[in-house]
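Here the structure comes first, spelled out in structure tokens, and everything after it is commentary.
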Amino acid sequence: MTVRTRFAPSPTGYLHIGGARTALFSWAYARRFGGSFILRIEDTDLERSTPEAVQAILDGMNWLGLNWDEGPFYQTRRMERYREVIQKLLDEGKAYYCYASKEELDLMREKQMAEGLKPRYDGRWRPEPGKTLPAIPKDVPPVVRFRNPLSGKVEWNDLVKGHIAISNEELDDLIIARADGTPTYNFCVVVDDWEMNITHVIRGDDHVNNTPRQINMLRALGADIPQYAHLSMILGDDGQKLSKRHGAVSVMQYHTDGYLPEAVLNYLARLGWSHGDDEVFSMEQFCQWFDLDHITSSAAQFNTEKLNWLNAHYIKQADLGRLSEDIRTRLADMAIDAVQGPDLVQVVTLYRERVSTLNELAEQIRFFYALPPTPDAEALQKHMTPEILPVLKGLVATLENTEWSAEAIHHALANTVAENGLKFPKVAMPLRLALTGGTQSPSIDQVMTVLGKQETLKRLSAYLS
RNA sequence: GUCCCCAUCGUCUAGAGGCCUAGGACACCUCCCUUUCACGGAGGCGACCGGGGUUCGACUCCCCGUGGGGACGCCA
């Protein structure tokens, strides 16, 4: 049997980090076993689904490189088929019309809650042999309910959580078609998983409670029951449930914030799944290793610091051309033109080992292309001392007649330091301030090399006149 | 409230009865490297939720408790 997995988001918002991990695992499982990964858009909630959200999900998937083999299938385009199946269930007596109004149902639930019971439909419109149904009200359009078994239990061996059994007495006759005739989520999932021949349903564990209902419907339809794997949720950095206030909940936000997709992917893969002591690995390796046996069944807290560490790692590994182009765009977004001036590839090479995000990288090298920010007055006072000025003047004089190579600049600097009997930082610090505006940078001779002779001398002269 | 799920360092995790004086990674601390800050290298700190069983032996199995989380919609 060929493995067929699916990712079935509802387009009511962007692709968030939890959804991305679910997609990643489904995708990897299909890849691992040479199966197919299907993308299905669950847009039956007409009120909340938007084309923008669909696009956001597609963008997120594409950015991460989670390519799908079939789809995207839209449930709204399969309405005809759902109606057919509903009619079939109706005809076979496996579903029935219910005329209870929303108000009536609310009242029922309230009462049940008050009695300490689990709120569930009481089957008032469920036909039974010898049972008299209420008189059909005139102006209540009926919903269709699935006739769930009354006794026994539904069991399955969850590939992540192990054996789970839920009594049918806990379940009720769920609505499969609304009053307006449109099918509901749990029903569409069943029909789709069935007809798309899904073999492994990998999804968030908020669906554990839907599973027994879906299994019952699958059985009523005579369909094969897929294997289920319920993934635990991802908690925010603060251990709380992920929500808007956590900021970067959308995967694309990570792109905006300067993360490389391979870092996000690697981080997500390792969140709730493990392969011995392996921490850093490619998606190729992941697809070879991934299994459902090593998924943790407990919730995992998101840790930005570890993501940062991975991102730093991947920035160091990244193709220089690709990295530079990305940075060029980020600089442009900061209204800085990196087409003129020092060679961006050289600048990026010099700085990539020092940052953990691309935004940080862009931020740190901006002074190469824009004017250096004004150095901190206190730092200036401390390092740009009257005693050092003549030394700097001497250095500039030497530099003016120096061929602009890393080696030559280094020699000029070293000689100046030696001739004046100084420690290296004594000279390097004021240079750093004048050239970069800050007290931290790579070796100052390397910065000078990349900055260029003209610009270096120009920036120094501002302090020496 | 009812049902379901979960429980190892601060965080992500290894661990499928003896390999565990519980391993790795992030973070943190110390030292080294050093032209500042990073990077890198070497060390260090740091955990099996509690109580009962089962067993010669339990982080691992069972039960109870406690604590988290999820689900109970004409949302998905």
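Every chain is numbered from 1 and lettered A, B, ... according to where its sequence line falls, protein lines coming before strand lines.
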Is it true that A:Asp106 and A:Lys102 make a salt bridge, defined as a side-chain N closer than 4.0 Å to a carboxylate O? no
Measuring from the side chain of A:Lys118 (C-beta onward, heavy atoms only), which nucleotide among B:C5, B:U35, B:C72 has the closest atom? B:C72
Please tell me if A:Lys316 has a side-chain N or O lying less than 4.0 Å from either OP1 or OP2 of B:G40. yes
Nearest-angstrom distance from the residue atom CG of A:Leu235 to P of B:C12: 8 Å
Does either side chain, that of A:Tyr267 or that of A:Asn311, offer a donor lying less than 3.5 Å from an acceptor on the other one? no
Taken to the nearest whole Å, CG/A:Leu271 to C1'/B:G24 is 16 Å
Do A:Gln55 and A:Asp59 have side-chain N/O donor and acceptor atoms under 3.5 Å apart? yes
Please pick, from B:A71, B:U13, B:C6, the nucleotide with the shortest atom-to-atom distance to any side-chain atom of A:Asn209. B:A71
Which part of the nucleic acid, if any, lies within reach of A:Asn308 when heavy atoms closer than 4.0 Å are counted: base, sugar-phosphate only, or nothing? nothing
Taking B:C3 as the reference, what is the distance to B:U21 when you measure between their P atoms (whole Å, please)? 41 Å
With both distances under 3.5 angstrom, what nucleotide forms a Watson-Crick or G-U wobble pair with B:A42? B:U30
Within this structure, what is the NE2-to-P distance between A:His163 and B:C4, rounded to whole angstrom? 12 Å
When you measure from the side-chain N and O atoms of A:Arg145 to the phosphate of B:G73, is any distance below 4.0 Å, counting only OP1 and OP2? no
Closest listed nucleotide, where the reference is the side chain of A:Glu279 and the choices are B:C74, B:A76, B:A25: B:A25
With respect to the side chain of A:Asp206, which nucleotide from B:C4, B:U35, B:G70 is positioned closest? B:G70
When all nucleic acid strands are considered with a 4.0 Å heavy-atom cut-off, which category describes A:Pro9: base, sugar-phosphate, or nothing? nothing
A:Pro119 side chain: which of B:U35, B:G1, B:A7 is closest? B:G1
Do the side chains of A:Lys306 and A:Glu279 get close enough for a salt bridge, i.e. N-O under 4.0 angstrom? yes
Using a strict 4.0 Å threshold on nitrogen-to-oxygen distance, state whether A:Glu455 and A:Arg459 make a salt bridge. yes
Starting at the 5' end of RNA chain B and moving along, which residue's nearest nucleotide shows up first, A:Asp277 or A:Arg213? A:Asp277
For A:Ala300, which contact category applies under a 4.0 Å heavy-atom criterion: base, sugar-phosphate, or nothing? sugar-phosphate
CG of A:Leu117 versus P of B:A71: gap in Å, rounded? 21 Å
Checking B:C3, B:G15, B:U35 against the side chain of A:Glu170 (C-beta onward), the nearest is B:C3
With a non-hydrogen cut-off below 4.0 angstrom, is A:Ala100 in contact with a base, only sugar-phosphate, or nothing? base
For a quick check of understanding: with a heavy-atom distance under 4.0 Å over all strands, which category does A:His230 fall into, base, sugar-phosphate or nothing? nothing
Hey, does the side chain of A:Ser443 come within less than 4.0 Å of B:U35's phosphate (OP1/OP2), counting only N and O? no
Mark yes or no: A:Arg32 above the aromatic ring of A:Tyr29, with NZ or CZ under 6.0 Å from the six-membered ring centre and no more than 45 degrees from the axis. no
Once you apply a heavy-atom cut-off of 4.0 Å, does A:His410 come out as touching a base, just sugar-phosphate, or nothing? base
In whole angstroms, the gap separating P of B:C72 from OH of A:Tyr185 amounts to 11 Å
Nearest-neighbour nucleotide for the A:Met233 side chain, B:C26, B:G70, B:U36 considered: B:G70
Nearest to the A:Ser297 side chain among B:U13, B:A7, B:U36, which nucleotide is it? B:A7
Which is true for A:Lys423 with a 4.0 Å heavy-atom rule: it touches a base, it touches only sugar-phosphate, or it touches nothing? nothing
Across the strands shown, which category fits A:Thr44 at heavy-atom distances under 4.0 angstrom: base, sugar-phosphate, nothing? sugar-phosphate
Write down the distance separating the P atoms in B:A27 and B:G40, rounded off to the nearest Å. 9 Å
Verify the contact: side-chain N or O of A:Thr184 to OP1 or OP2 of B:C74, cut-off strictly under 4.0 Å; return yes or no. no
Over all strands shown, is A:Arg120 touching base, sugar-phosphate only, or nothing at heavy-atom distances under 4.0 angstrom? nothing
Using a cut-off of less than 4.0 Å, is there contact between a side-chain N or O of A:Arg270 and OP1 or OP2 of B:U13? no
Over all strands shown, is A:Gly204 touching base, sugar-phosphate only, or nothing at heavy-atom distances under 4.0 angstrom? nothing
Scan A:Val143 against the nucleic acid and name what it touches under 4.0 Å (heavy atoms): base, sugar-phosphate only, or nothing. base
Using a 4.0 Å heavy-atom cut-off across all strands, classify A:Lys161 as base, sugar-phosphate, or nothing. sugar-phosphate
pair_partner(B:A25), Watson-Crick or wobble, both distances < 3.5 Å, evaluates to B:U11
So what does A:Gln301 hit on the nucleic acid, given a heavy-atom distance under 4.0 Å: a base, only sugar-phosphate, or nothing? sugar-phosphate
When you check the phosphate oxygens OP1 and OP2 of B:C5, does a side-chain N or O of A:Ser298 lie under 4.0 Å from one of them? no
Any salt bridge between A:Arg78 and A:Glu80, counting N to O under 4.0 Å? no
Tell me what A:Ser274 touches on the nucleic acid: a base, only sugar-phosphate, or nothing, going by heavy atoms under 4.0 Å. sugar-phosphate
Closest to the A:Thr296 side chain, choosing from B:A76, B:A25, B:U13: B:U13
Going by the angle between their ring planes, with limits at 30° and 60°, are A:Phe25 and A:Phe286 parallel, tilted or perpendicular? tilted
B:G65 pairs with, by Watson-Crick or G-U criteria that keep both distances under 3.5 Å: B:C49
Over how many whole Å does the gap from A:Phe187 atom CZ to B:G73 atom C1' extend? 18 Å
Taking pairing as Watson-Crick or G-U wobble with both contacts under 3.5 Å, can you name the mate of B:U35, or confirm there isn't one? none
Nearest-angstrom distance from the residue atom CD1 of A:Ile315 to P of B:G40: 12 Å
Should A:Arg124 and A:Glu104 count as an ion pair when the cut-off is N to O under 4.0 Å? yes
What is the base-pairing partner of B:U2, counting Watson-Crick and G-U wobble geometry with both distances under 3.5 Å? B:A71
With the stacking rule set at 5.5 Å and 30°, tell me whether A:Trp309 counts as stacking on B:C26. no
Of A:Ile444 and A:Thr182, whose closest RNA chain B nucleotide lies nearer the 5' terminus? A:Ile444
Roughly, in whole Å, what's the span from OH in A:Tyr267 to P in B:A27? 12 Å
